[in-house]
Colleague: 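Take this structure, written in structure tokens, and hold onto it; I'll ask about it next.
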Amino acid sequence: MEVQIEESGKNQTSPESIEADKAKQIVVLLIGPPGSGKSTFCDTAMRSSHRPWSRICQDIVNNGKAGTKAQCLKMATDSLREGKSVFIDRCNLDREQRSEFIKLGGPEFEVHAVVLELPAQVCISRSVKRTGHEGNLQGGRAAAVVNKMLQSKELPKVNEGFSRIMFCYSDADVDNAVNMYNKLGPMDTLPSGCFGEKKLDTKSQPGIMKFFKKVSALPASSSNEATNTTRKADEMTANVRVSPVKLGSADIVPTLAFPSISTADFQFDLEKASDIIVEKAEEFLSKLGTARLVLVDLSRGSKILSLVKAKASQKNIDSAKFFTFVGDITKLRSEGGLHCNVIANATNWRLKPGGGGVNAAIFKAAGPDLETATRVRANTLLPGKAVVVPLPSTCPLHNAEGITHVIHVLGPNMNPNRPDNLNNDYTKGCKTLREAYTSLFEGFLSVVQDQSKLPKRSSQTAVSDSGEDIKEDSERNKKYKGSQDKAVTNNLESESLEDTRGSGKKMSKGWNTWALALHSIAMHPERHENVVLEYLDNIVVINDQYPKARKHVLVLARQESLDGLEDVRKENLQLLQEMHNVGLKWVDRFQNEDASLIFRLGYHSVPSMRQLHLHVISQDFNSDSLKNKKHWNSFTTSFFRDSVDVLEEVNSQGKANVASEDLLKGELRCNRCRSAHPNIPKLKSHVRSCHSQFPDHLLQNNRLVARAET
DNA sequence: GTTCTAGAAC
DNA sequence: GTTCTAGAAC
């Protein structure tokens, strides 16, 4: 990046603290015809903002007179160098007009677009009416100009290099967007992605909701069903006014960039490959939370990109979460402005550099570090398999591009001149390619989950080696001191931590570090965007990190000192009811996808993790994470307290009954027919095929939630 | 020899 | 909560 931030001469600060203090600057391209309100947007957003801004307006860039694009670029560069974020106030209606400004982005600067898509009539009439407009576009001529410009308009896409795009279709949307930028402090960032776009796409975009609090101001329970775009815009408006976005500057949307596997040198059929890519991407998006998948190809005219793009849009896949991108996979951030924390490498069976194509490029860009780190994990790879390799912080790809992991993946080979040629056997080929994408996406999922598990450090912590870093963190956590969560939250938390060690009714239970994760998510859902499905004022919904059934989510209470069922009292009744309702809403959502799923909602009598959480779990128990007797018995014996019963008990007797932990050690019985089984594998194999009716007790009182048969 | 569990460590 | 692994069970 050619632009450097100059510090004044008497600079005593260490490199670490420069890094920590430095705000991520933003280049915001306003996109809209004359009269769409770009200048007003900038003025309002900049008014008493805590972030230094510069407005670059082509109408006045030349000493108060209209200037050129080049002058705008120069002024933008200068402002960025001075540490300011910039608004590019010019029409920027087509891709070409925008491209040079997008190139300003890079490791230090991210580029956003705000699209002012107001009705043409509104823009024209504003242009016509106004007097004294800086560009002197007024009077009747304006109508013709605006119309002409709108004809050649091209809406921006993330793959042009924007990290964030926001579409505004109404004054309310504009107010929203203005407000967001106005409230943005020097150290804050806005979530990446595409927001508010009106398209054929009718899928909901749950990712949006969780960035905003105060959802209770909305007709909450139905919010994600049948989401139409007007609705989406309304939600954002309602929310942002109440509470501005505030995210740590370190947050980025976890993103996997991957090349098309097997379609280059391995000569796999493009049609078949594109079907598989889209199928697998769709399958994994639901598991990935807000994380994104990006198919990358070097060439603009790439056939595989256009096939995938067309098929994804046909299937209405959320284009903010899965999209295609033209660029060099080793330079996505520095050259393309797209920050991906994980990249996939279509490798060879030896996991060695060379062979040309993506594999050679990635090994070359990463330097010897990648080979060393790879050797630790594996020496060879079978077709269909993947291996996740963390990149050391010394690696150039980590430094310059922000890539923390490379996932090597080996696809099937259809090229007779390469090893393991499948001889055109596409039955086998497709199977292996599917397997390859599954392994790849699963690898990515594990990275995302791991990263969300690690507590984020406060910005003062300066450690060069990432390995040491983690060690230090866990040491610190062991001693219950210095974790960021505590530093930021109120005293309640540190008090209760102390309390766990002393005497008294609550203090009998000392929580291990691992048991605090839910509490941390409940108190700071915005720090855990990867796992959070939804959050409201007093409730957070997350995917269970180790689901014990096909669908398994947790509804967390966002209240201090409600650690588990034992703490629940009558004053919590309303909260319990809300948790139950939110749980039912998710059941409904899951049953919309698969009507055969049957759910139970309930609490563990004695939870392993701190923070009251309601399990919403499908009764198939079909999951690799269900591994032992405790897992099974905690959901299928009376240790599991149905939410409906808890509600009733709290209401009538002021607290809930809890069962003994001894139940967890009992024999393994089928949850349907109650037959006993000697071990977990045999039990699981029985459960897979048992279709008996559920026990009578569960059929009563809505303990089981099933779709009525039609 | 392999499968599976239980308990320690994290 | 999970992971790891020794040793029991088969």
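Labels below follow one simple rule: chain letters A, B, ... track the order of the sequence lines, proteins then strands, and each chain is numbered from 1.
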Colleague: Please give, in whole Å, the distance from C/dG1 C1' to A/H604 NE2?
Modeller: 11 Å

Colleague: Starting at CH2 of A/W511 and ending at C1' of B/dC10, how long is that distance when rounded to a whole Å?
Modeller: 17 Å

Colleague: Please report the closest heavy-atom contact between A/L601 and A/H580, naming both atoms and the distance.
Modeller: CD2-O, 3.8 Å

Colleague: How about A/T394 and A/D369: does a side-chain donor come under 3.5 Å of a side-chain acceptor?
Modeller: yes

Colleague: Answer yes or no: is there a side-chain heavy-atom contact under 4.5 Å between A/H408 and A/T374?
Modeller: yes

Colleague: Determine whether A/F258 and A/I277 make a side-chain contact, defined as any pair of heavy atoms from C-beta on separated by less than 4.5 Å.
Modeller: yes

Colleague: Does the side chain of A/K682 reach to within under 4.5 Å of the side chain of A/I680, using non-hydrogen atoms?
Modeller: no

Colleague: Could you check if a side-chain atom of A/M523 sits within less than 4.5 angstrom of a side-chain atom of A/L556, using non-hydrogen atoms only?
Modeller: no

Colleague: Does anything in residues 677-684 of chain A come within less than 4.0 Å of DNA chain B? Heavy atoms only, and list the residues if so.
Modeller: A/N679, A/I680, A/P681

Colleague: How many Å lie between NZ on A/K629 and C1' on C/dT2, as a whole number?
Modeller: 19 Å

Colleague: A/D642: which residues meet the salt bridge (Lys or Arg N to Asp or Glu O under 4.0 Å) condition with it, sequence neighbours left out?
Modeller: A/R600

Colleague: Would you tabulate the nitrogen or oxygen pairs shorter than 3.5 Å linking the protein to nucleotides 3-7 of chain C?
Modeller:
residue, atom, partner, partner atom, Å
C/dT3, OP2, A/K627, NZ, 3.0

Colleague: Out of A/E566, A/E648, A/E649, which one pairs with A/R641 under the salt bridge (charged side-chain N to carboxylate O under 4.0 Å, His left out) rule?
Modeller: A/E649

Colleague: Between C/dT2 atom P and A/L516 atom CG, what is the distance in whole Å?
Modeller: 16 Å

